[in-house]
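Remarks on the structure that follows.
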2 protein chains.
Amino acid sequence: MVSQTRPRRRADAERSIARIVAAARTCLSEHPDATIEAIAAEAGVGRMTLYGHFKTRADLVEAALSAALEAGEATLATVDLSGDPGAALDRLLASSWSLVAESAALLEAAQGVLPSGRLRELHAEPAKRVEDLLRRGQRDGVFRSDLPLPWLVSVVQYVLHGAAEQLRAGNLTEENVAEVAVATVRSVLDQPPAES
Amino acid sequence: MVSQTRPRRRADAERSIARIVAAARTCLSEHPDATIEAIAAEAGVGRMTLYGHFKTRADLVEAALSAALEAGEATLATVDLSGDPGAALDRLLASSWSLVAESAALLEAAQGVLPSGRLRELHAEPAKRVEDLLRRGQRDGVFRSDLPLPWLVSVVQYVLHGAAEQLRAGNLTEENVAEVAVATVRSVLDQPPAES
DNA sequence: CTTAACTCGTATATTCCCGTACGAGATAAA
DNA sequence: TTTATCTCGTACGGGAATATACGAGTTAAG
């Protein structure tokens with residue numbers, strides 16, 4: 001149902017599209033207003049080949065965002081989100097922190113090129129998953145309830161986005177970035193033990 | 001020493017410059033790639049007047065960033081940073097969270113138009129103030145030491161920047177934004193009471 | 001009042017990027 | 001092999017933004 005619109009597409013075209021989308025994901029999440037030409041170069045194809053598959057920049061951005069969100073959905077589906085919310089969050093972040101960070105960056109890149117309605121539509125389902133987990137954690141008294149839920153969701157994105165940024169800047173390493181990001185998120189979400 | 005380059009400048013010119021810089025600060029911190037024309041309009045002057053005082057876009061961005069950082073410095077100078085680091089941080093954030101958020105946004109706007117060396121140079125001193133406060137808090141056992149100091153400094157910026165963003169988006173209100181931001185920052189920095 | 005500084009519009013050059021048009025050559029699929 | 005698809009270069013047009021050039025009108029400062 002994703003892209004079975006086939007009048008019949010050749011295998012090499014399929015491959016090109018995959019490379020282009022992958023390139024768009026990396027380029028756009030690093031630099032929100034990356035050039036079409038830069039993305040094509042990153043993908044190893046000519047600019048005109050890219051235009052052959054994506055008529056406009058918005059199409060490309062949407063494809064990149066969709067791909068990232070679908071990857072996130074796929075990962076979320078494999079993670080066990082039941083049981084202790086704290087442990088569930090740890091599992092979730094451990095396996096998908098970079099995807100969430102990437103999605104946040106792409107979301108930023110998509111603002112202004114996609115209609116905001118379409119944007120919310122794409123982002124709604126994965127965001128709801130995280131939100132539900134946090135809400136459950138609040139109900140169980142594991143996560144804090146003294147701050148608005150949407151704010152907490154946003155902060156998770158900010159922290160992960162920042163972790164990816166600091167990794168690129170060389171201030172964090174491949175080895176410690178996940179640990180640092182998870183610890184930071186946990187300290188934001190966890191219910192402080194003795195709150196007046 | 002700031003701008004006494006004195007061939008002798010008229011009072012109205014001084015006023016125009018002040019309005020332009022103020023407009024640049026607000027416009028650029030809301031929208032990193034705001035147009036020169038938009039900034040001039042916000043300042044209530046013609047585009048050509050702006051060019052009369054700032055030859056290039058980079059000049060303008062640097063002026064805006066410098067002004068914000070100087071305002072931050074001035075505020076920092078009035079805040080009592082001695083005593084309990086936690087309380088000092090509360091005082092600091094209460095009186096300057098929006099300035100820090102603005103500076104972070106301007107810093108983002110400045111990337112790419114200013115040489116990165118110049119950028120670090122401008123940002124170095126105010127960042128050091130915060131860093132010193134956090135370091136002292138770590139030594140006193142008030143702030144956590146299990147995460148790298150530069151990361152903690154960055155997270156403070158991310159959170160404040162996010163708070164400003166959510167305020168603009170209408171997800172936080174003028175009344176609760178400061179409280180929410182401060183509580184979030186505190187929960188990231190505070191030493192967890194029972195750490196194995 | 002006189003001068004120099006300032007304001008600011010119009011016009012223009014330049015640059016950058018998007019998107020289209022055209023077409024020749026390479027390649028997968030039948 | 002035949003055919004439709006795909007690749008991709010060159011070239012062009014349009015739009016937006018930066019920056020310069022010129023100049024006429026306005027205003028602060030001596």
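Here is how names work: the chains are called A, B, and so on, in the same order as the sequence lines, proteins then strands, and each is numbered from 1.
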Minimum-distance nucleotide (side-chain atoms of [X] versus [options]):
X: B:D12; options: D:dC6, C:dC6, C:dT20; result: C:dC6
X: A:T56; options: D:dA19, D:dC6, C:dG19; result: C:dG19
X: B:M48; options: C:dA21, D:dT18, C:dG9; result: C:dG9

(message) Both A:E37 and A:R15 contact DNA chain C. Taking the nearest nucleotide for each, which residue is further toward the 5' end?
(response) A:E37
Could you state the [atom1]-[atom2] distance from [X] to [N], rounded to the nearest angstrom?
X: A:Y51; N: C:dC17; atom1: OH; atom2: P; result: 11 Å
X: B:L50; N: C:dC6; atom1: CG; atom2: C1'; result: 14 Å
X: B:D59; N: D:dA19; atom1: CG; atom2: P; result: 9 Å
X: A:H31; N: C:dC17; atom1: NE2; atom2: C1'; result: 12 Å
X: B:R19; N: C:dT7; atom1: CZ; atom2: P; result: 11 Å
X: B:I20; N: C:dC6; atom1: CD1; atom2: P; result: 12 Å
X: A:L60; N: C:dC17; atom1: CG; atom2: P; result: 16 Å
X: B:E14; N: D:dT27; atom1: CD; atom2: C1'; result: 16 Å

(request) Could you tell me whether the side chains of A:E175 and A:T173 share a donor-acceptor contact shorter than 3.5 Å? (result) yes
Donor-acceptor under 3.5 Å ([X] side chain, [Y] main chain):
X: A:S95; Y: A:L92; answer: yes
X: B:R25; Y: B:L106; answer: no
X: A:R47; Y: A:E37; answer: no

(message) Below the 4.0 Å mark, does D:dC6 have OP1 or OP2 next to a side-chain nitrogen or oxygen of A:H53?
(response) no
(message) Taking only side-chain N and O atoms of B:S16, does any of them lie within less than 4.0 angstrom of OP1 or OP2 on C:dC6?
(response) no
(message) Go nucleotide by nucleotide along DNA chain D from the 5' end; which of B:R47 and B:R10 gets its closest nucleotide reached first?
(response) B:R47
(message) Both B:K55 and A:T49 contact DNA chain D. Which one's nearest nucleotide lies toward the 5' end?
(response) A:T49
(message) Regarding A:E125 and A:K128, does a basic nitrogen lie under 4.0 Å from an acidic carboxylate oxygen?
(response) no
(message) Counting the atoms with a prime plus P, OP1 and OP2 as sugar-phosphate, which does B:T35 contact under 4.0 Å by heavy atoms, base, sugar-phosphate, or nothing?
(response) sugar-phosphate
